[in-house]
Amino acid sequence: MKVSFWLLDLNYEVQNGQPEIWLWGLDENGRRLLIIDRNFQSYFYAVPKEGFTLERVAEQIRKTPQVSSLEVVDRRYFGKKLKAIKVFCKNPDEIPRCAKNLKKLEGVKECFEDDVRYSMRYLIDNGVVPCGWHEIEVQEAAGKTNVRVDEVYIAKSFPRYVEHAVTPPLKTLGFSIICYSPKGMPKPERNPVVVISVATNGGEEKQFVAENGDDEPVLKAFVDYVRLFDPDIIIGYGNNRQDLPYLRRRCEVHGIRLGIDRQGGEPHTSVYGHVSITGRANIDLADYADEFPEVKVKTLENLADYLGVMKLSERTLIEDIDFAEYWENPEKRKLLLKFSMENTRSIMGIADATLDFAMQLSSLVGLPLDHVGTAAVGFRVEWFLIKQAHKIGELVPKRRERPYLPYAGAIVLPPKPGIHDRIAVLDFKAMYPNIMVAYNLSPDTYVPPGEPLPPSGVWEAPEVGHRFRKEPPGFYKEVLTHLIRVRDEIRSKLKDLPPESVEYRVLDARQKAVKIITNASYGYAGWIGARWYIKPVAEAATAWGRSIISNAVKIAERLGITVIYGDTDSLFVKHEPEKIEKLSREIGEKIGLEIKPDKVYTRILFTEAKKRYCGLLQNGKLDIVGLEVVRGDWAPIAKKAQEKILEIVLKEKSPRKAVEYLHQVIREIRDRKIPYRDLVIWKSLTRPLDEYAVRAAHVEAAKLLKREGWEVSIGDKIGYVITAGEGKLYERAKPHVLAGYDEVDTEYYVQKQIIPVASRILEMLGVKREELLPPKAREKRKLTDFFGA
DNA sequence: GCCTGATTTCTACCA
DNA sequence: ACTGGTAGAAATCAGGCG
């Protein structure tokens with residue numbers, strides 16, 4: 001019989017040396033299916049050395065114990081045709097060992113794709129798409145009652161992908177936990193999980209709370225609840241790195257099982273650090289936080305606030321350092337429970353804004369839904385490429401260590417400082433991808449120095465001189481052309497859809513996924529960790545970029561257009577529509593790339609610095625780029641003050657008013673009228689504490705946290721304030737959760753936060769340094785002198 | 001040892 | 001752990017002075 005299914009998760013099992021792929025999915029009626037496929041043979045490639053006949057090498061390989069059969073096939077490697085031996089192993093787990101053995105044979109030059117996991121191999125070879133629909137011939141399986149699905153089938157054919165832009169009705173469960181530790185960071189070995197808050201997309205909310213601090217019933221109730229609800233998707237925030245490992249370890253302590261998967265097993269950490277829950281998709285929203293760069297400190301509450309899921313102002317906020325105090329106090333405990341429930345509610349809300357994208361990314365790059373979030377950008381691009389490589393018979397290069405060699409990047413023009421009126425921004429859309437397509441830049445089209453020119457001729461990069469075959473189209477060109485076309489198609493479909501429709505949401509998520517992969521392709525090409533890394537490809541792309549933007553500037557100037565700034569692929573010019581139209585046309589003709597007006601600023605302010613400006617858009621909004629306002633490592637009060645100053649300066653054109661405002665802010669800081677949280681500075685830890693070469697404020701603050709029993713790790717944002725006293729800045733930094741407002745050194749905030757960000761703007765406009773501080777009011781000065789402030 | 005300017009370290013941004 | 005170009009603050013170094 002034939003069934004169709006939407007692929008949610010997959011894994012493989014080896015039973016008595018016989019592998020089987022387990023495909024977990026839903027059919028169009030929302031029934032949960034498990035389809036077991038025993039028909040797929042695992043394999044890898046061996047490439048013979050020159051001077052050895054295929055037959056002889058094949059004969060050697062055939063004698064290797066793990067090999068079940070082999071086949072001579074035509075493949076390509078960096079575009080060059082070659083004969084490869086496809087080596088089949090019955091047991092996929094034996095492939096790495098088998099490849100290692102083969103490499104020892106004298107006739108084998110190299111093995112390929114022995115590092116592609118069996119389950120990924122299955123997806124790629126059969127064109128099976130995670131979060132996509134498929135049809136398959138199956139028969140009902142006998143037995144198999146211990147898996148939690150409606151039907152178990154045995155595959156009688158390979159799945160066939162069917163394009164269909166809807167998602168089946170998935171059951172989603174969100175959860176968050178609170179652990180209790182009287183002092184310091186909770187440790188599963190000693191500290192209980194006192195609250196688990198769950199919510200489902202069926203609208204149910206539930207809390208499991210430990211009586212007398214005993215969490216065994218909590219854990220059991222949670223397991224029962226998950227089993228009963230039987231979610232397809234489990235979501236949390238930090239569940240990959242914290243919650244699930246903690247729950248798992250805590251269950252171990254009690255000698256119980258965290259049996260929440262669909263196979264009676266427990267969650268386990270797997271590739272790229274994701275936690276796999278067999279038969280379901282476990283998703284950690286923290287892995288998608290980078291999709292929202294506007295949110296600088298990526299806490300659950302900040303993301304929920306940004307996405308409009310739950311505003312900070314209506315949120316119960318409790319620092320983890322205070323959990324113990326809230327748990328111990330019966331009145332405050334109620335607040336802690338409320339806080340925990342709000343966490344889970346926020347998770348459900350953020351999931352709404354994220355899941356469509358996650359599913360589209362998963363189906364585009366081909367990584368299962370639970371893997372794709374934890375895979376870094378480079379690996380997402382790479383899996384997409386691996387999938388494409390298979391289609392054209394290109395062998396996947398081995399990952400190898402390489403020395404880091406820097407190369408020149410883009411050009412940034414020095415801005416004309418000051419305020420300018422009516423400025424248009426023109427930019428080359430998707431400049432690097434288009435360059436790569438136009439000049440056929442690809443690992444397999446590169447013609448190294450000394451190699452003879454191909455009959456089709458070559459493109460030669462300016463400055464650096466790297467050469468690329470004009471024909472045939474290279475791997476990158478094919479892939480990028482395809483991506484660019486697909487995105488255009490999606491975007492034209494979107495035009496005819498109501499933005500609220502389900503289809504619109506799905507397609508919009510898809511075009512975003514396509515865009516991200518397209519734009520990351522240049523970065524991938526220049527990444528030394530990339531399998532398809534060839535430095536000249538990246539180096540040539542930037543070289544052409546530089547030459548294109550320089551030529552565009554020349555053309556603009558010849559047409560009498562004033563260029564005030566430019567960065568990589570953009571030009572900021574005086575807004576003269578007719579001249580711009582001409583420029584655009586001429587660039588199209590001479591350079592072959594499209595440059596388009598992106599936006600027009602009514603007014604724009606530049607300092608002498610590159611990459612920093614503030615423009616006033618025609619809709620009255622400020623576009624702030626690079627300045628402290630948009631940076632996460634300045635105190636919020638400084639960011640707010642700078643934003644306000646920019647607004648006054650650009651909208652009201654009144655530096656005087658801005659100075660008045662500045663004086664007021666400074667007085668409020670000195671009077672401690674600014675909310676404490678607006679004084680907290682956040683900085684990331686980029687390495688372990690003991691690997692810093694110099695002492696820095698956020699590092700010292702982190703050490704204080706550690707001393708209090710709180711672990712800090714790479715990537716954590718440390719929030720600190722500067723306290724009054726003697727000595728270096730780093731000696732006066734304290735974690736914001738450990739300091740009190742009374743200790744804060746308000747003069748630091750005035751002199752080192754407010755004054756610099758204000759002077760950056762105001763000195764540009766002729767305001768003198770000494771005018772920045774409020775005049776000393778005699779009366780007040782005397783009073784403070786008297787009271788010794 | 002103290003002061004000052006130059007250099008290094010660090011983070012986060014832009015494209 | 002996708003790239004290079006860039007700003008800016010603080011720590012630290014190096015050298016002059018005495």
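Lettering follows sequence order; numbering is per chain, from 1. In this text the structure is predicted, and so the values were computed from the model without any measurement.
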Worksheet entry | A:Tyr692 OH to C:dA10 C1', straight-line distance once rounded to whole Å | 14 Å
Discussion item. Tell me the interatomic distance from A:Ile534, atom CD1, to C:dC2, atom P, rounded to whole angstroms.
Written reply: 19 Å
Worksheet item: Any ion pair linking A:Arg631 and A:Glu628 (charged N to carboxylate O, less than 4.0 Å)?
Response: no
Fill in: Carboxylate-amine/guanidinium contact A:Glu700 A:Arg732, below 4.0 Å
no
Expected rows: protein N/O vs nucleotides 2-7 of chain B N/O, under 3.5 Å:
none

Worksheet item: OP1, OP2 of C:dG4 versus side-chain N and O of A:Tyr404: anything below 4.0 Å?
Response: yes
Item to complete: Could you tell me whether A:Trp527 and A:Tyr522 have their ring centroids closer than 6.0 angstrom?
Response: no
Worksheet item: Closer than 4.0 Å, any side-chain N/O of A:Thr686 to the OP1 or OP2 of B:dT11?
Response: yes
Item to complete: May I ask you to say what A:Arg687 touches in the nucleic acid, namely base, sugar-phosphate or nothing, with a heavy-atom cut-off under 4.0 Å?
Response: sugar-phosphate
Fill in: Side chain of A:His698 - closest among B:dC10, B:dC14, C:dC2
B:dC10
Worksheet entry | Donor on one side chain, acceptor on other, A:Gln511 and A:Arg491, under 3.5 Å | no
Worksheet item: The side chain of A:Tyr522 lies closest to which of these nucleotides: C:dA10, C:dG4, B:dT11?
Response: C:dG4
Discussion item. Test side chain to side chain donor-acceptor pair (under 3.5 Å) on A:Arg546 and A:Thr568; report intermediate values, then the result.
Written reply: CA-CA 7 Å; A:Arg546 291 192 298 274; A:Thr568 311; over 6 Å; no
Discussion item. So A:Lys535, base contact, sugar-phosphate only, or nothing? Heavy-atom distance under 4.0 Å.
Written reply: nothing
Item to complete: Using a heavy-atom cut-off of under 4.0 Å over every strand shown, decide if A:Gly523 touches base, sugar-phosphate, or nothing.
Response: base
Fill in: Interface with DNA chain C, restricted to residues 756-763 of chain A and to heavy atoms under 4.0 Å
A:Pro756, A:Arg760
Worksheet item: How would you label the contact of A:Val630 with the nucleic acid (heavy atoms, under 4.0 Å): base, sugar-phosphate, or nothing?
Response: sugar-phosphate
Discussion item. Output the rounded distance in Å from CG (A:Leu627) to P (C:dA7).
Written reply: 12 Å
Worksheet, complete the sentence: Closest of B:dA12, B:dA15, C:dG5 to the A:Ala408 side chain is C:dG5
Worksheet entry | Under 3.5 Å donor-acceptor, A:Tyr749 side chain and A:Leu679 backbone | yes
Practice prompt. Round to the nearest Å and state the distance from A:Leu441 atom CG to C:dT3 atom P.
Written response: 18 Å
Discussion item. Between A:Tyr237 and A:Asp284, is there a side-chain donor-acceptor contact under 3.5 Å, judged purely by atom types and distance?
Written reply: no
Worksheet item: Salt bridge or not for A:Asp569 and A:Lys429, using N-O below 4.0 Å?
Response: no
Worksheet item: Under 3.5 Å, is there a donor-acceptor pair between the A:Ser363 and A:Arg510 side chains?
Response: yes
Worksheet item: Does a sphere of radius 6.0 Å around NZ in A:Lys535 hold more than 12 heavy atoms from other residues, nucleotides or ligands, not counting ones at 6.0 Å or beyond?
Response: yes
Discussion item. Regarding A:Glu460 and A:His466, do their side chains bring together a donor and an acceptor under 3.5 Å, going by distance alone?
Written reply: no
Worksheet, complete the sentence: Under the rule of Watson-Crick or G-U wobble with both distances under 3.5 Å, where | means paired to another strand and [ ] a crossing pair, DNA chain B maps to |||||||||||||||
Worksheet item: So what does A:Ser521 touch, heavy atoms closer than 4.0 Å: a base, only the sugar-phosphate, or nothing?
Response: nothing
Practice prompt. Ignoring backbone atoms, establish whether A:Thr568 has a side-chain N or O less than 4.0 Å from OP1 or OP2 of B:dC14.
Written response: no
Worksheet item: Do A:Phe468 and A:Tyr439 make the cut of ring centroids closer than 6.0 angstrom?
Response: no
Fill in: Euclidean distance, atom CD1 of residue A:Ile516 to atom P of C:dC2 [Å, nearest integer]
14 Å
Worksheet item: So, A:Phe572 versus A:Tyr613, ring centres under 6.0 angstrom or not?
Response: yes
Worksheet item: In whole angstrom, what separates A:Tyr476's OH from C:dT3's P?
Response: 12 Å
Discussion item. From the set B:dA12, C:dA1, C:dG5, return the single nucleotide nearest to any side-chain atom of A:Ser684.
Written reply: B:dA12
Worksheet item: Under 4.5 Å between any side-chain heavy atoms of A:Phe475 and A:Val479, yes or no?
Response: yes
Worksheet entry | Ring-ring centroid check A:His371 A:Trp383, cutoff 6.0 Å | no
Discussion item. Here's a test of your reading of the structure: between A:Gly526 and A:Tyr748, which maps to the more 5' nucleotide of DNA chain C?
Written reply: A:Gly526
Worksheet item: What is the nucleic acid contact for A:Tyr533, judged by heavy atoms within less than 4.0 Å: base, sugar-phosphate only, or nothing?
Response: nothing
Worksheet entry | N or O in side chain of A:Lys683 less than 4.0 angstrom from C:dA9 OP1/OP2 | no
Practice prompt. Using atom CZ of A:Arg399 as one end and atom P of C:dC2 as the other, report the distance to the nearest whole Å.
Written response: 10 Å
Fill in: Ion pair A:Asp567/A:Lys611, N-O distance below 4.0 Å
yes
Item to complete: For A:Trp532, report the nucleic acid contact type (base, sugar-phosphate, nothing); a contact means any heavy atom under 4.0 Å.
Response: nothing
Practice prompt. For A:Glu291, check salt bridge (charged side-chain N to carboxylate O under 4.0 Å, His left out) against everything at least two apart and list the hits.
Written response: A:Arg380
Worksheet item: Which residues within residues 602-614 of chain A lie with some heavy atom under 4.0 Å of an atom in DNA chain B?
Response: A:Lys611, A:Tyr613
Just the atom pairs and distances: protein N or O near nucleotides 11-15 of chain C's N or O, under 3.5 Å.
from   : atom 1 : to       : atom 2 : distance (Å)
C:dA11 : OP1    : A:Leu729 : N      : 3.4
C:dA11 : OP1    : A:Tyr730 : N      : 3.3
C:dT12 : OP1    : A:Arg695 : N      : 3.2

Practice prompt. Look at the side chain of A:Glu628 and decide which nucleotide, out of C:dG8, B:dA15, C:dC2, has an atom nearest to it.
Written response: C:dG8
Worksheet item: Is any NZ, NE, NH1 or NH2 atom of the basic residue among A:Lys639 and A:Asp678 found under 4.0 Å from an Asp or Glu carboxylate oxygen of the other?
Response: no
Worksheet item: What is the distance from CG of A:Leu685 to P of B:dC10, rounded to the nearest Å?
Response: 12 Å
